[in-house]
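From a predicted model like this one, the values you see are computed outputs, not experimental measurements. Hydrogens, waters and symmetry mates are skipped; everything else that's a heavy atom, side chains included, is used.
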Amino acid sequence: MRALLQFTLDLFDPPAPAPVRSPQQQPPKQPQRPTLDDDAQQHPPATPLADVRSRVSFIHPRASREVVLGNARVAYEFTRGRRRTIGFVVGAEGLSVRAPRWVALRDVDAAVVEKSGWILRKLSETQQRQDRLEATRIDWKDGVSFPFLGQQVTVRLDPHHAFEGVGAVLDATASEGPPTLRIALANNATPAQIRDAAQAWLMRQARRIFIERLEHFAPRLGVRWKKLSLSNAATRWGSASADGGIRLHWRLVHFRMSVIDYVVAHELSHLRVMDHSPRFWETVESVVPDYELLRRQLKDEAVPRW
């Protein structure tokens with residue numbers, strides 16, 4: 001903070017010297033008292049209480065430096081490395097800044113201030129996304145709902161049935177209200193038991209649906225897939241390998257079928273083009289014409305927190 005303060009003070013020119021008066025022009029001496037400027041230098045004006053209360057904070061859990069950008073307090077993770085420029089990354093934890101070893105700290109702070117518009121926008125967007133995700137966290141108990149193929153499903157504990165050993169069955173016969181997922185658990189089942197039973201059912205549905213959509217799109221793209229694996233990756237919805245292996249995140253079944261189709265077609269298209277060149281996107285578009293819209297939905301729609 002001392003470096004940042006020095007940087008801020010350097011932005012201002014020193015005050016011009018007062019004109020020199022001759023001895024005849026000197027006014028009689030008065031008792032010395034601090035001027036307004038002197039008092040301001042000794043006691044900088046306090047930040048208005050309203051501004052302090054309204055200030056937002058973005059604090060990285062491994063923060064080592066801090067700066068105030070506009071009305072936001074930003075504590076960021078700072079590291080040095082073998083690189084040529086100062087880099088900025090905004091993730092779920094907050095702002096991370098990496099700089100070359102030869103860059104002075106005052107220059108790092110200056111770069112953060114210069115980039116403040118982008119930083120604050122990304123931090124705000126990330127915070128809003130995290131808030132939406134938190135609002136979708138599932139409280140695993142009897143009567144809870146979660147999306148399946150874009151439609152809400154309500155969980156009901158049904159301890160009197162074993163459902164042929166599969167643990168749960170979807171009952172869509174009700175004329176009103178969402179379909180019911182009946183789970184063969186006691187009424188005093190723990191949240192973890194309910195969650196695990198629901199997850200096992202969803203993973204079975206995911207494998208069945210993915211295989212069906214792979215078989216639908218593979219002939220249209222002129223490719224052959226050899227193996228399907230269900231993924232639980234933190235950052236990727238799917239992947240494809242040159243040997244014909246396809247990995248798809250089982251939680252894709254929260255989305256509508258059209259979004260699942262986009263991801264399936266995306267990964268199968270990699271069996272023809274193993275990059276994201278214009279030729280690749282043309283391949284995807286040949287079977288999913290509105291892939292751009294579906295791609296945005298996959299990115300923007302909140303997935304329930306487990």
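Of the inter-residue distances, the one linking His249 atom NE2 with Phe210 atom CZ reads 9.5 Å to the nearest 0.5 angstrom. The structure places NE2 of His216 at 15.5 Å from CD1 of Ile211, a figure rounded to the nearest 0.5 Å. The OG atom of Ser57 sits 10.5 Å away from atom CD of Gln127, with the distance rounded to the nearest 0.5 Å. Rounding to the nearest 0.5 angstrom, the gap separating the CD1 atom in Ile59 from the CG atom in Leu123 is 11.5 Å. To the nearest 0.5 Å, atoms CZ (Arg182) and CH2 (Trp201) are separated by 13.0 Å. A distance of 13.5 Å separates CZ in Arg213 from CG in Leu252, rounded to the nearest 0.5 Å.
A salt bridge is absent between Glu77 and Arg65; no separation between the charged side-chain nitrogens and carboxylate oxygens falls under 4.0 Å.
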For a quick test of your reading: what N or O donor-acceptor pairs under 3.5 Å do the side chains of residues 290-302 make, sequence neighbours left out?
{"unit_1": "Gln297", "atom_1": "OE1", "unit_2": "Arg256", "atom_2": "NH2", "d": "2.7"}
{"unit_1": "Glu301", "atom_1": "OE2", "unit_2": "Arg256", "atom_2": "NH1", "d": "3.4"}
{"unit_1": "Glu301", "atom_1": "OE2", "unit_2": "Arg256", "atom_2": "NH2", "d": "3.1"}

Side-chain atoms of residues 113-122: list all donor-acceptor pairs with protein atoms under 3.5 Å, sequence neighbours left out, distances to 0.1 Å.
{"unit_1": "Ser116", "atom_1": "OG", "unit_2": "Val113", "atom_2": "O", "d": "2.9"}

Would you mind writing out the side-chain donor-acceptor pairs for residues 138-151 within the sub-3.5 Å range, not counting sequence neighbours?
{"unit_1": "Asp142", "atom_1": "OD1", "unit_2": "Leu157", "atom_2": "N", "d": "2.8"}
{"unit_1": "Asp142", "atom_1": "OD2", "unit_2": "Arg156", "atom_2": "NH1", "d": "3.4"}
{"unit_1": "Ser145", "atom_1": "OG", "unit_2": "Thr154", "atom_2": "OG1", "d": "3.2"}

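The environment of Arg84 atom CZ is sparse: at most 12 non-hydrogen atoms of other residues, nucleotides or ligands sit within 6.0 angstrom.
Arg272 places a side-chain N or O within donor-acceptor distance of the main-chain N or O of Leu221, the cut-off being under 3.5 Å. A donor-acceptor pair is defined here as one N or O able to donate and one able to accept, closer than 3.5 Å; no such pair exists between the side chain of Glu215 and the backbone of Glu212.
Ala99 and Phe78 make their closest contact through CB-CE1, 3.8 Å (heavy atoms, listed as atom of the first residue, atom of the second, distance). Looking at every heavy atom in both residues, Leu214 comes nearest to Pro219 through O-CD, 4.4 Å. The nearest pair of heavy atoms linking Arg82 to Arg98 is N-NH2, 4.4 Å. A pairwise comparison of heavy atoms in Leu268 and Ala218 identifies CD1-N, 3.6 Å as the closest pair. Trp237 and Val263 get closest at one heavy-atom pair: O-CG1, 4.2 Å. In plain terms, the two heavy atoms of Pro159 and Ala186 that are nearest each other are CB-CA, 3.8 Å.
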Worksheet item: What's the verdict on side-chain contact (heavy atoms from CB on, under 4.5 Å) for Trp225 and Phe217, showing C-alpha distance, side-chain angles and the deciding distance?
Response: CA-CA 10 Å; Trp225 64 279; Phe217 283 108; over 6 Å; no

Worksheet entry | Chi angles and distances behind the side-chain contact (heavy atoms from CB on, under 4.5 Å) call for Phe88, Ile86 | CA-CA 7 Å; Phe88 305 86; Ile86 300 174; 3.8 Å; yes

Worksheet item: Run the side-chain contact (heavy atoms from CB on, under 4.5 Å) check on Met274 and Phe280 step by step: do they pass?
Response: CA-CA 8 Å; Met274 293 298 291; Phe280 167 80; over 6 Å; no

Item to complete: Please step through side-chain contact (heavy atoms from CB on, under 4.5 Å) for the pair Ser96 and His60, ending with a clear verdict.
Response: CA-CA 8 Å; Ser96 296; His60 196 289; 3.4 Å; yes

Fill in: Test side-chain hydrogen bond (donor to acceptor under 3.5 Å, both in side chains) applied to Ser286 and Glu282, step by step
CA-CA 6 Å; Ser286 68; Glu282 290 172 2; over 6 Å; no

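The aromatic rings of His270 and His266 lie perpendicular to each other, with more than 60° between the two planes, well past the 30° mark.
Using a 4.5 Å heavy-atom cutoff, the side chains of Val273 and Trp281 are not in contact. The closest side-chain heavy-atom distance from Ile183 to Asp158 is not below 4.5 Å. Using a 4.5 Å heavy-atom cutoff, the side chains of Leu228 and Leu248 are in contact. Two residues are said to be in side-chain contact when any heavy atoms from C-beta on lie closer than 4.5 Å; Leu202 and His254 meet this criterion. Phe58 places none of its side-chain heavy atoms less than 4.5 Å from the side chain of Leu95.
Under the 4.5 Å side-chain heavy-atom criterion for grouping Ile, Leu, Val, Met, Phe, Trp and Tyr, Ile260 is connected to Leu170 within one hydrophobic cluster. Linking ILVMFWY residues whenever their side-chain heavy atoms come closer than 4.5 Å, directly or via other members, places Val67 and Val56 in the same cluster. Transitive grouping of hydrophobic side chains (ILVMFWY, heavy atoms separated by less than 4.5 Å) brings Met257 and Leu230 into a common cluster.
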